[in-house]
Amino acid sequence: IVSALATVSVKGSHRLDPGRPLNQSVKPLTVQVIAMDWKWLFIYPAQNVATASELYIPENTPIRFRLTSDSVIASFFIPRLGSQVYAMPGRKSTLFLSADGPGEYFGENEQFSGKWYSEMWFKVHVLTKERFSAWARSAARAPLRLDIKRFQHLRAPSRGYPPTTYSSVAFPVFDDVAGKYRTVKNLSSGSPKSKKGEGHD
């Protein structure tokens, strides 16, 4: 009985693993997610743009979220799309989600992470593929650039951080945040290494 239950549990857990790639023929879009006090930062490596406090994704496309935290543990959750996954300091988590059609969704932090964690929510804009491409081109012309100075300002604890778009990402933010508890990297040295269109994982 124990062996049978264990077999069912292992197979079911693997089949429902939120980090398992979705069975679709469409190439996934990678979005790097960083939890902060008390806001979310979303980085699009292929497009080399970023947003704070709001997320844009295309419909009918597997979204490969890579998650970490710049502070304490947070829980990334878009209730209408699927599973919640923890964003943890010093770790990289993976979550695959997909939206069937255009619309506006609600995302939030389900984990107590300090005084203003309940205000750590964001809008999710699901666009047609054509509109998403147009948005990415528009985002690349935004006046703000995510460099080290602006990131240091962004990571400072704050509440009600307004939705903001960054036209480029000047250094590998996600890898630096995820690795800051293991080694001293770009965040302290201030040495930008990424290039336009370059992806970091």
Side-chain angles (χ1 to χ4, degrees), residues 29-57 63-78 85-95 107-109 111 113-125 135-201:
L29 169 72
T30 296
V31 178
Q32 297 169 341
V33 182
I34 301 176
M36 300 177 172
D37 295 330
W38 287 271
K39 65 193 79 72
W40 295 93
L41 175 66
F42 304 101
I43 300 171
Y44 302 76
Q47 292 76 22
N48 195 36
V49 299
T51 58
S53 300
E54 64 180 351
L55 171 67
Y56 290 84
I57 58 175
I63 309 299
R64 177 177 178 258
F65 292 104
R66 295 287 283 148
L67 303 104
T68 192
S69 175
D70 190 48
S71 180
V72 298
I73 295 176
S75 179
F76 179 82
F77 189 31
I78 305 174
V85 168
Y86 288 111
M88 297 175 284
R91 296 285 300 276
K92 298 177 182 179
S93 304
T94 301
L95 170 66
E108 60 186 329
N109 173 23
Q111 173 72 25
S113 59
K115 187 175 182 180
W116 302 114
Y117 89 98
S118 61
E119 298 184 18
M120 194 173 164
W121 59 272
F122 56 95
K123 286 185 178 180
V124 183
H125 305 276
W135 169 80
R137 291 192 297 270
S138 175
R141 297 191 296 269
L144 298 181
R145 181 171 180 259
L146 188 60
D147 53 21
I148 292 177
K149 182 178 180 180
R150 191 157 282 119
F151 178 73
Q152 296 291 6
H153 170 77
L154 178 66
R155 76 193 310 199
S158 62
R159 60 181 297 197
Y161 199 87
T164 307
T165 300
Y166 302 95
S167 60
S168 62
V169 182
F171 66 106
V173 183
F174 183 82
D175 286 339
D176 281 6
V177 169
K180 72 176 183 176
Y181 295 99
R182 295 190 295 272
T183 182
V184 178
K185 298 181 72 175
N186 292 346
L187 289 182
S188 59
S189 67
S191 126
K193 294 182 180 181
S194 67
K195 298 179 181 179
K196 186 78 175 178
E198 199 173 72
H200 303 276
D201 193 28

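Quick caveat: nothing in here was measured; it's all calculated off a predicted structure.
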S167 side chain vs A139 backbone, donor-acceptor pair below 3.5 Å
no
For A35 against W40, the heavy-atom pair lying closest together
CB-CZ3, 3.6 Å
Closest non-hydrogen atom pair between G160 and E119, with its separation
N-OE1, 4.2 Å
Just by modelled atom types, is the Y161 backbone N or O under 3.5 Å from a matching donor or acceptor in the S158 side chain?
no
For F174, does its backbone N or O pair with a side-chain atom of K92 as donor and acceptor, under 3.5 Å?
no
Applying side chain to side chain donor-acceptor pair (under 3.5 Å), run through R66 and T94 and close with a yes or a no.
CA-CA 5 Å; R66 295 287 283 148; T94 301; 2.5 Å; yes
Kindly compute the distance separating NE2 (H153) from CG (D147), expressed to the nearest 0.5 Å.
11.5 Å
With a 4.5 Å limit on heavy-atom distance, are the side chains of F151 and V173 in contact?
yes
Indicate the atoms forming the closest heavy-atom contact of P45 with T30, along with that distance.
CD-O, 3.4 Å
Flag side-chain contact, heavy atom, 4.5 Å: V33 against L55:
no
For V31 and I63, work out which heavy atoms get closest and say how close.
CG2-CG2, 3.9 Å
Check for a donor-acceptor pair, side chain of K39 on one end and backbone N or O of D37 on the other, with a separation under 3.5 Å.
yes
With rounding to the nearest 0.5 Å, note down the distance linking CG in D70 to CG in L154.
9.0 Å
Do the two ring centres, one from F122 and one from F76, sit under 6.0 Å apart?
yes
Could you check whether any side-chain heavy atom of R141 comes within less than 4.5 Å of a side-chain heavy atom of R137, counting everything from C-beta outward?
yes
Shortest non-hydrogen contact between T165 and A142, atoms and distance:
O-CB, 3.8 Å
The criterion is ring pair (Phe, Tyr, Trp, His ring centres under 6.0 Å); which residues satisfy it with Y56, sequence neighbours excluded?
H125, W135
Would you please test Q111 and Y86 for side chain to side chain contact (heavy atoms under 4.5 Å, CB included) and show each step?
CA-CA 8 Å; Q111 173 72 25; Y86 288 111; 3.4 Å; yes
Worked check of side chain to side chain contact (heavy atoms under 4.5 Å, CB included) between I43 and Y166:
CA-CA 9 Å; I43 300 171; Y166 302 95; over 6 Å; no
Closest non-hydrogen contact found for A50 with V169 is CB-CG2, 4.0 Å
Check: S75 main-chain N/O paired with N109 side-chain donor or acceptor under 3.5 Å:
yes
In this structure, are over 12 heavy atoms from other groups packed under 6.0 Å from R150 atom CZ?
yes
When rounded to the nearest 0.5 angstrom, what distance separates CZ in F77 from CG in L95?
10.5 Å
Working to the nearest 0.5 Å, report the span between OG of S53 and CE of M120.
9.0 Å
With rounding to the nearest 0.5 Å, note down the distance linking CZ in R155 to CG in L41.
11.0 Å
Say you draw a straight line from CD1 of I34 to OG1 of T68; how long is it, rounded to the nearest 0.5 Å?
7.0 Å
Side chain to side chain, V72 and Y117, heavy atoms closer than 4.5 Å:
no
